[in-house]
Number of protein chains: 2
Amino acid sequence: MTRKDYDEMIELNKIYNEDCLEGMKRIPDGSVDLVLTDPPYGIKYKSNMRTKSPKFEVLANDNNSTRFMVYPEMYRALKDNSVAIVFASWKNYAEDYIELSKYFDIKNVIVWWKHGGGIGDLKHTLLTDYEIAIVCHKGKCKIRGKRCGSVWECNKVNPNKMLHPTQKPEKLLEELIEKYSDSGATVLDCFMGSGTTAIACINTNRNYIGFELDKHYCDIANERIQKALAEKAVGE
Amino acid sequence: MTRKDYDEMIELNKIYNEDCLEGMKRIPDGSVDLVLTDPPYGIKYKSNMRTKSPKFEVLANDNNSTRFMVYPEMYRALKDNSVAIVFASWKNYAEDYIELSKYFDIKNVIVWWKHGGGIGDLKHTLLTDYEIAIVCHKGKCKIRGKRCGSVWECNKVNPNKMLHPTQKPEKLLEELIEKYSDSGATVLDCFMGSGTTAIACINTNRNYIGFELDKHYCDIANERIQKALAEKAVGE
DNA sequence: ACTACGGTTGAATCCTGAA
DNA sequence: GTTCAGGATTCAACCGTAG
């Protein structure tokens with residue numbers, strides 16, 4: 001398939017304001033080099049609950065059933081010998097692992113040690129200061145660069161600068177992208193949120209396809225993208 | 001129950017060379033303060049533990065189903081407001097999490113970052129340099145000492161000094177014991193291996209009950225225990 | 001460039017009351 | 001019964017500002 005044919009099905013480097021289950025139908029089989037996505041964990045998380053005007057609303061599509069329906073579509077869209085990286089918390093990890101195993105070979109589970117945190121039951125629980133990234137192989141995907149361990153330390157995004165309640169650091173996504181894809185690759189994020197995957201793609205010279213149901217976050221993501229492109233143009 | 005009555009059922013500070021499923025029957029209900037165990041997943045239990053119904057005979061070689069029989073016994077033996085800490089690898093974590101959830105409230109999952117090590121598929125996988133400890137609550141168990149995070153760094157046992165293939169560092173087990181039990185507590189390890197849990201109990205002034213099917217490892221464990229007791233006597 | 005200090009926050013958890 | 005939604009709670013770490 002030529003780039004022109006491809007573009008007629010779905011245009012690269014755009015974020016589509018629609019349900020990813022609908023939009024992914026337009027992605028040709030086996031055409032994506034990497035899936036990198038952070039689905040809502042199904043916990044109806046509400047950040048900043050104490051304040052009377054919470055900064056963020058509960059996420060759209062925050063349930064297990066939509067998340068699980070996306071996984072087979074991710075598999076279909078992926079090229080052979082590529083990976084899908086899916087974020088999870090320790091609470092939904094077990095279910096997601098089993099669900100993803102139905103389609104993929106899970107060959108690694110990365111622990112993102114984010115430090116800090118610490119709300120919850122202070123007397124009976126430890127603070128949970130990590131998240132999980134499940135590395136799902138379709139075929140066999142080579143590691144780029146040096147072979148490293150599975151615990152990745154990276155500081156959280158500064159809460160004052162957060163544009164999305166579950167925003168991931170750009171650096172973390174860039175490292176994942178570079179470890180599991182080549183320059184020029186096409187990266188799919190089914191739950192784009194504030195667009196961090198797109199920014200990481202711009203910074204690492206990859207193409208992205210993004211879906212985000214919430215118009216508000218689409219706008220935020222597009223602003224960030226414009227800014228990142230402008231900064232990149234200055235740098236070159 | 002007095003200590004004397006208890007001792008008539010099962011004696012503390014001993015490692016029993018038997019199948020834990022048999023031995024645990026002698027532990028009175030709700031009498032153990034902490035379970036700390038690192039179950040293997042390649043061990044076949046005696047088939048006479050299975051039901052007589054022939055349809056279950058098909059599962060005779062299913063390691064999980066036999067291993068999972070220990071979890072309800074652990075629950076029974078535990079006091080209220082106590083925890084069972086069960087080690088897992090990222091591969092069996094999902095299944096064990098779901099199985100343990102049937103009996104316990106899982107309130108934390110600790111990542112033991114052990115650094116280094118790790119063979120496997122060098123080209124396609126990251127090295128796995130952590131293990132998992134699932135913290136399973138029966139009731140509500142208080143954290144002792146300071147509230148800390150869920151990623152615990154601790155170096156592996158020096159391979160030259162290892163007496164058992166999956167031996168855990170004494171320091172790691174001591175920290176877990178001190179976080180989830182008080183001095184004088186009774187700690188149960190259903191799969192004692194080379195006896196590290198017993199050593200950690202001696203070093204932190206806890207009592208232990210241990211089971212180990214392999215006579216060879218029982219002997220090794222008892223040697224280590226004699227040595228640890230002698231060292232402790234010198235120190236006091 | 002540093003420290004000191006006070007405000008803010010956390011993919012949380014519990015409890016209560018309503019549906 | 002049983003799920004669901006809303007409000008109160010808690011501390012250590014981090015951020016931003018002042019000095």
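The figures that follow rest on heavy atoms only: side chains count, while hydrogens, waters and symmetry mates do not. Just so it is clear: chains get the letters A, B, ... in the order the sequence lines come, proteins before strands, and each one is counted from 1.
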Worksheet item: What stem regions, each of at least 3 consecutive Watson-Crick or G-U pairs below 3.5 Å, can be found for DNA chain C?
Response: C:2-10 with D:11-19, C:12-19 with D:2-9

Worksheet item: Checking all strands, does A:Thr166 fall into the base, sugar-phosphate, or nothing category for heavy-atom contacts under 4.0 angstrom?
Response: base

Practice prompt. Classify the nucleic acid contact of A:Lys91 as base, sugar-phosphate or nothing, counting any heavy atom under 4.0 Å across all strands shown.
Written response: sugar-phosphate

Discussion item. Strictly distance-based, threshold 3.5 Å: is any side-chain N or O of B:Asp33 a donor or acceptor partner for the main-chain N or O of B:Thr186?
Written reply: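 Yes, B:Asp33 side chain to B:Thr186 backbone: donor-acceptor pair under 3.5 Å.
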
Worksheet item: With distance as the sole criterion, do the side chain of A:Asp38 and the base of C:dA11 form a donor-acceptor contact below 3.5 Å?
Response: yes

Practice prompt. Could you list by number each residue of residues 113-123 of chain A showing a heavy-atom separation from DNA chain C of less than 4.0 Å, or answer none if no residue does?
Written response: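 Contacting residues: A:Lys114, A:Gly117, A:Gly118, A:Ile119, A:Gly120, A:Asp121.
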
Discussion item. Would B:Arg76 and B:Tyr71 count as a cation-pi pair here, with the cationic atom under 6.0 angstrom from the ring centre and within 45° of the axis?
Written reply: no

Discussion item. Is the terminal nitrogen or CZ of B:Lys138 (NZ for Lys, CZ for Arg) located under 6.0 angstrom from the six-membered ring centre of B:Tyr75 and within 45° of that ring's axis?
Written reply: yes

Discussion item. Can you measure A:Asp62 atom CG to D:dC4 atom P for me and round it to whole angstrom units?
Written reply: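 The answer, rounded to whole Å, is 13 Å.
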
Worksheet item: Would you say A:Tyr45 stacks on C:dA12, if stacking means ring centres under 5.5 Å apart and planes within less than 30 degrees?
Response: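 No; centroid distance or tilt outside limits.
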
Worksheet item: Going through the checks in order, is the side chain to side chain contact (heavy atoms under 4.5 Å, CB included) test met by B:Glu170 and B:Asn203?
Response: CA-CA 9 Å; B:Glu170 294 172 15; B:Asn203 293 342; 3.8 Å; yes

Discussion item. Pair B:Tyr93, A:Tyr93 - check ring pair (Phe, Tyr, Trp, His ring centres under 6.0 Å), show working.
Written reply: CA-CA 9 Å; B:Tyr93 166 64; A:Tyr93 166 63; 4.8 Å; yes

Item to complete: Give the C-alpha distance, both sets of side-chain angles, the deciding distance and a yes or no for side chain to side chain donor-acceptor pair (under 3.5 Å) between A:His216 and A:Glu57.
Response: CA-CA 11 Å; A:His216 174 63; A:Glu57 296 297 320; over 6 Å; no

Response to the item:
Per nearest nucleotide of DNA chain D, the residue lying toward the 5' end, A:Asn158 or B:Arg147, is B:Arg147

Worksheet item: Expressed in whole Å, how much space separates the C1' atoms belonging to C:dA11 and C:dG7?
Response: 23 Å

